[in-house]
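These notes are about the structure you will find just below.
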Amino acid sequence: MSGDLVYGTELAITGLLIGVMYSMVALGFVLIFKASAVFNFAQGAMTLFGALTVVGLSPLVGLPLALAAALVAMAVLAVAVERWVLRPLIGRSALTVFMATVGVAYALEGLAQLIWGNQPRGLKLDIPQAPLQLGGVYVSPPDLIGAAIAGVCVMLLVLFFQRTKLGLGLRAMADDPIAAQAMGVRVGRMWAVAWMLAGAVAIVAGVLWGSRIGVHFGMTQITLKALPILIIGGVDSIPGAIVAGLLVGAGEALGEGFLGPFVGGGVQEIVAYLGALLILTFRHQGLLGEKTIDRI
Amino acid sequence: MALSFGGVTALQDVSFACAEGEIFAIVGPNGAGKTSLLNVVSGTYRPSRGTLRYFGTEIRRARPHQVARLGVARTFQNVALFPDLTVLENVLVGRHAFGGAGAGFFASGLSTSSARGWESRQRATAEEALKALDLSSARDLAVETLPYGVKKKVELARALAMEPRLMLLDEPLAGMNPSEKEEIADIITAIRARYGLTMVMIEHDFPLVMSLASRVLVLDYGVVIAEGPPSEIRRDPKVMRAYFGAAGGVD
């Protein structure tokens with residue numbers, strides 16, 4: 001293989017592996033958006049809170065129990081949000097509910113600070129760091145394992161939606177909430193389930209991200225990173241979030257690697273937003289999103 | 001069975017009761033409040049005053065999913081299927097109130113194995129509902145690709161899968177050609193006979209209503225202007241005026 005090709009392959013693989021994690025973050029948003037048509041600003045704070053809980057507890061009780069505790073915390077949050085935020089706001093505009101999720105985000109950040117303090121924490125997952133060589137191409141084991149975990153999560157989600165009663169209820173509600181209620185589907189419970197799933201996804205994303213860059217309050221910025229991915233993939237499409245995450249990951253790595261040297265770097269930072277801009281101009285519902293027609 | 005209520009803004013002192021096992025038709029011109037009335041029964045709208053009883057239980061304050069879980073199924077005027085789901089999945093949603101409801105969602109949802117059990121347990125009923133509407137061969141098709149008449153049948157199958165005691169049908173024959181209408185009318189009669197359920201039906205096709213229903217309620221401007229068996233309704237001058245704009249008989 002020529003040097004450029006090997007370099008390009010390495011970049012693409014690294015990018016795709018990081019992209020899987022982008023997809024995880026974006027998925028959390030899509031899950032809630034599909035269930036309740038709300039953009040959940042608190043997803044970043046949930047990611048931070050989940051990661052902090054795992055980091056804070058794992059030295060005390062071990063990683064598996066820490067993960068379980070974080071899951072329980074997210075389940076409690078989901079039920080609380082449904083009961084005290086979503087239910088009282090039934091029938092209000094999407095913007096009102098969005099603002100409420102901004103409130104949830106700050107409350108959660110405050111709570112995280114109260115419990116865990118505001119020092120950045122490292123997260124070690126006992127993954128060998130030395131790059132593996134596969135057919136002349138170097139691959140980073142943490143990225144590979146991270147991608148594998150994210151992949152398994154996505155598969156579990158697909159199974160959940162295809163095979164379970166609650167998954168079916170969520171899909172029905174995403175299609176037509178009024179008809180779903182007329183079939184006996186409990187909308188409040190479905191919202192809570194969607195938030196729980198988003199919480200579980202946030203924990204996985206938080207732990208994976210945290211193991212790369214450490215767990216700190218900058219993590220809430222993930223919300224901003226996910227936004228262009230959601231726009232590219234379509235905010236209501238699970239496959240869209242996955243595809244867009246991969247595209248952005250690969251685009252960033254390849255862009256930075258090949259174009260970066262000519263323009264003095266920084267390509268990585270803008271690839272996602274450029275892509276989102278193009279999508280908004282030419283296909284505003286996203287690559288795989290539903291085309292919607294708003295009646296005026 | 002007593003089912004009575006009075007007074008929503010769109011409906012003034014409307015009161016009626018239907019007997020168990022009958023087909024009760026609600027007719028009236030557009031905007032008369034027929035769908036509103038159905039929405040009140042199904043819990044979508046909450047009446048401002050009055051009572052609403054279902055097999056003796058007061059359900060005026062019940063929410064739609066609670067009403068559904070009591071055994072009230074409905075279809076919608078503008079087909080309200082779940083477009084991203086297959087025919088079978090649509091019908092399976094009608095089983096949502098069954099199996100694992102009391103066990104909470106940890107038992108019914110988060111564990112795949114037991115939840116798959118839910119699907120296989122509910123599947124038999126769902127298949128039976130499909131069969132009753134002659135839809136078995138369409139089971140795995142995407143709902144969106146189906147013609148309108150078939151969609152209407154899927155909606156009926158979904159309602160039937162809920163094993164309801166009361167079925168609310170909002171214009172089940174609307175937009176169909178005469179042979180489709182006849183087929184659906186036959187199915188409605190067959191379902192009622194076979195499962196002994198009570199049906200409240202809104203329908204515009206006057207002759208078909210007259211042949212299907214055992215009793216008819218006529219609404220106009222949110223007020224009941226007549227109630228009785230088809231033979232009486234057919235001769236009621238008030239009905240003729242409201243419905244056809246002129247006095248005269250209908251055959």
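Each chain gets a letter, A, B and so on, in the order the sequences are listed, and its residues count up from 1.
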In terms of heavy-atom pairs under 4.5 Å with chain A, the winner among B/Gln66, B/Glu89, B/Arg74, B/Arg95 is B/Glu89
Pair count under 4.5 Å, heavy atoms only, with chain A: among B/Pro64, B/Ala73, B/Ala159, B/Ser42, highest is B/Pro64
Any side-chain heavy atom of A/Val185 sitting closer than 4.5 Å to one from B/His65?
no
Are any of the side-chain nitrogens in B/Glu180 or B/Lys153 under 4.0 Å away from the carboxylate oxygens of its partner?
no
If you compare all heavy atoms of A/Gln181 against all heavy atoms of B/Ala68, which two are closest, and at what distance to 0.1 Å?
O-CB, 3.9 Å
For A/Ala174, is it the side chain, the backbone, both, or neither that has a heavy atom closer than 4.5 Å to a heavy atom of chain B?
neither
Quick check: are there more than 12 heavy atoms from other residues, nucleotides or ligands sitting under 6.0 Å from CZ of B/Arg63?
no
Among B/Val67, B/Val72, B/Leu85, which has the most heavy-atom pairs under 4.5 Å with chain A?
B/Leu85
